[in-house]
Amino acid sequence: IFTIMPLTTKLEAVNTMLSTIGESPVTQITVTSSLPISAVTAITVLDEVNREVQSEGWHFNTVNKQTLSPNGSNEIVLTDDVMHVDSLDNSKDLVQRGSKLFNRTDNTFTFTGNIDVRLMSLLDFTDLPEQARRYITLKGSRVFQTRTVGSQELEQQILRDELKARYTLEEMDGQGADRTIFDNYDVASILGVNRNYDLL
């Protein structure tokens, strides 16, 4: 009989980080004013690493086709969680500027119709797959330890587990994305393959 383990919570991740420097666990992370400085720092580092890792672009935080519509001012306002926008129409060069979509081809924020894009979004920690939570927790632990204690020995110990977690995450993400060798830009360019790449 296999026991299904619950997914890592953000509280558990913070306590894992605290344990790397010998700090006692906390029972909550909602009211930061009642927390020790070390716990508040751990939360900040975890959020920072979460953003950094997700900004790489993964199958789990990318929507390959999303239709965006202009508002009454003929502008497309992006939600706060959008980290990257890529047009599916190769004739349009779209970028994110602030909270709006900008058309570099026509040098304008104005859009007269719907636009199909690929969106990369920042997900909450609790919306991530377990493999991503594990990797972010371990990377966050290493960064947190380095900033607070600075032990090179501890850093190397955590790094070994972190690299294993990174490998597991990449394997999981690759399986979900169903990529092939041609999804690597360098390989495809050498072979002369012309396609719309879906790298991550």
Side-chain angles (χ1 to χ4, degrees), residues 2-23 25-26 29 38-64 80-86 96 118-190 193 195-200:
F2 294 96
T3 302
I4 299 176
M5 298 295 292
L7 300 179
T8 301
T9 65
K10 189 172 182 180
L11 174 61
E12 289 172 333
V14 168
N15 281 330
T16 295
M17 294 169 66
L18 290 172
S19 71
T20 62
I21 64 169
E23 289 282 331
V26 294
I29 54 175
S38 57
V40 175
T41 303
I43 295 170
T44 301
V45 170
L46 184 65
D47 289 340
E48 175 188 326
V49 172
N50 183 32
R51 287 192 301 270
E52 178 186 346
V53 170
Q54 290 196 53
S55 67
E56 296 181 43
W58 301 85
H59 180 65
F60 60 80
N61 75 329
T62 302
V63 176
N64 284 328
D80 292 338
D81 60 349
V82 173
M83 305 184 79
H84 180 69
V85 183
D86 184 24
Q96 179 178 357
R118 180 183 292 110
L119 278 184
M120 182 171 67
S121 301
L122 175 65
L123 305 179
D124 289 335
F125 185 83
T126 52
D127 289 331
L128 300 176
E130 178 60 24
Q131 294 85 349
R133 299 186 195 198
R134 173 70 175 166
Y135 172 60
I136 290 169
T137 298
L138 288 170
K139 183 171 183 176
S141 296
R142 179 175 58 82
V143 173
F144 174 64
Q145 185 282 140
T146 300
R147 292 181 183 177
T148 55
V149 177
S151 167
Q152 293 185 352
E153 181 180 352
L154 271 177
E155 181 179 5
Q156 290 304 311
Q157 290 176 1
I158 301 170
L159 183 59
R160 286 194 290 269
D161 291 335
E162 178 189 333
L163 292 176
K164 291 178 183 178
R166 171 80 188 199
Y167 175 79
T168 301
L169 172 58
E170 289 178 344
E171 283 290 299
M172 179 279 299
D173 198 68
Q175 291 172 5
D178 296 325
R179 299 189 192 95
T180 69
I181 188 174
F182 300 108
D183 290 312
N184 182 288
Y185 179 82
D186 294 331
V187 172
S189 61
I190 292 172
V193 176
R195 58 170 291 177
N196 184 22
Y197 298 103
D198 178 17
L199 297 179
L200 287 175

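Everything quoted here is computed from the prediction, not taken from an experiment.
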Practice prompt. Go through the steps for S141 and T16 under the test side-chain contact (heavy atoms from CB on, under 4.5 Å), then give the verdict.
Written response: CA-CA 7 Å; S141 296; T16 295; 4.0 Å; yes
Worksheet item: With a 4.5 Å heavy-atom cut-off, do K10 and D47 have their side chains touching?
Response: yes
Discussion item. Using every non-hydrogen atom in the two residues, find where N15 and P25 come nearest and quote the distance to one decimal.
Written reply: OD1-CA, 3.1 Å
Worksheet item: Less than 4.5 Å apart, any side-chain heavy atom of Q157 and any of L154?
Response: yes
Fill in: Non-hydrogen side-chain atoms of R147 and T41 separated by less than 4.5 Å
no
Fill in: Whether E155 side chain and R142 backbone form a donor-acceptor pair below 3.5 Å
no
Worksheet item: Can you tell if the side chain of D81 reaches within under 4.5 Å of the side chain of L123, non-hydrogen atoms only?
Response: no
Worksheet item: In Å, rounded to the nearest 0.5 Å, how long is the span from CG of L138 to CE of M17?
Response: 10.0 Å
Item to complete: Work out which heavy atom in M172 is nearest to a heavy atom in P129; give both atom names and the distance.
Response: CE-CG, 3.8 Å
Item to complete: Identify the two heavy atoms, one from D127 and one from R133, that lie closest to each other, and give their separation to 0.1 Å.
Response: N-NH2, 4.1 Å
Worksheet item: For Q131 and D173, what are the C-alpha separation, side-chain angles and deciding distance, and is it a side-chain contact (heavy atoms from CB on, under 4.5 Å)?
Response: CA-CA 9 Å; Q131 294 85 349; D173 198 68; over 6 Å; no
Practice prompt. Verify side-chain contact (heavy atoms from CB on, under 4.5 Å) between L128 and Y135, making sure each step is shown before the conclusion.
Written response: CA-CA 11 Å; L128 300 176; Y135 172 60; over 6 Å; no
Practice prompt. Considering non-hydrogen atoms only, spot the tightest contact between Q145 and S151 and give its length.
Written response: OE1-N, 2.6 Å
Discussion item. To the nearest 0.5 Å, what is the distance between OG on S55 and NE2 on H84?
Written reply: 11.0 Å
Discussion item. Just to verify, which of V149, I43, L18, V49 counts as forming a side-chain contact (heavy atoms from CB on, under 4.5 Å) with F144?
Written reply: L18
Worksheet item: Sub-3.5 Å donor-acceptor pair from the side chain of N61 to the main-chain atoms of S121, do we have one?
Response: yes
Worksheet entry | Minimal non-hydrogen separation, A13 against T137, with atom names | CB-OG1, 3.3 Å
Fill in: Salt-bridge present (R166, E170; N to O < 4.0 Å)
yes
Worksheet entry | Residue R134 excluded, over 12 heavy atoms near CZ under 6.0 Å | no
Item to complete: State, yes or no, whether a side-chain contact exists between L119 and T62 at a heavy-atom distance under 4.5 Å.
Response: no
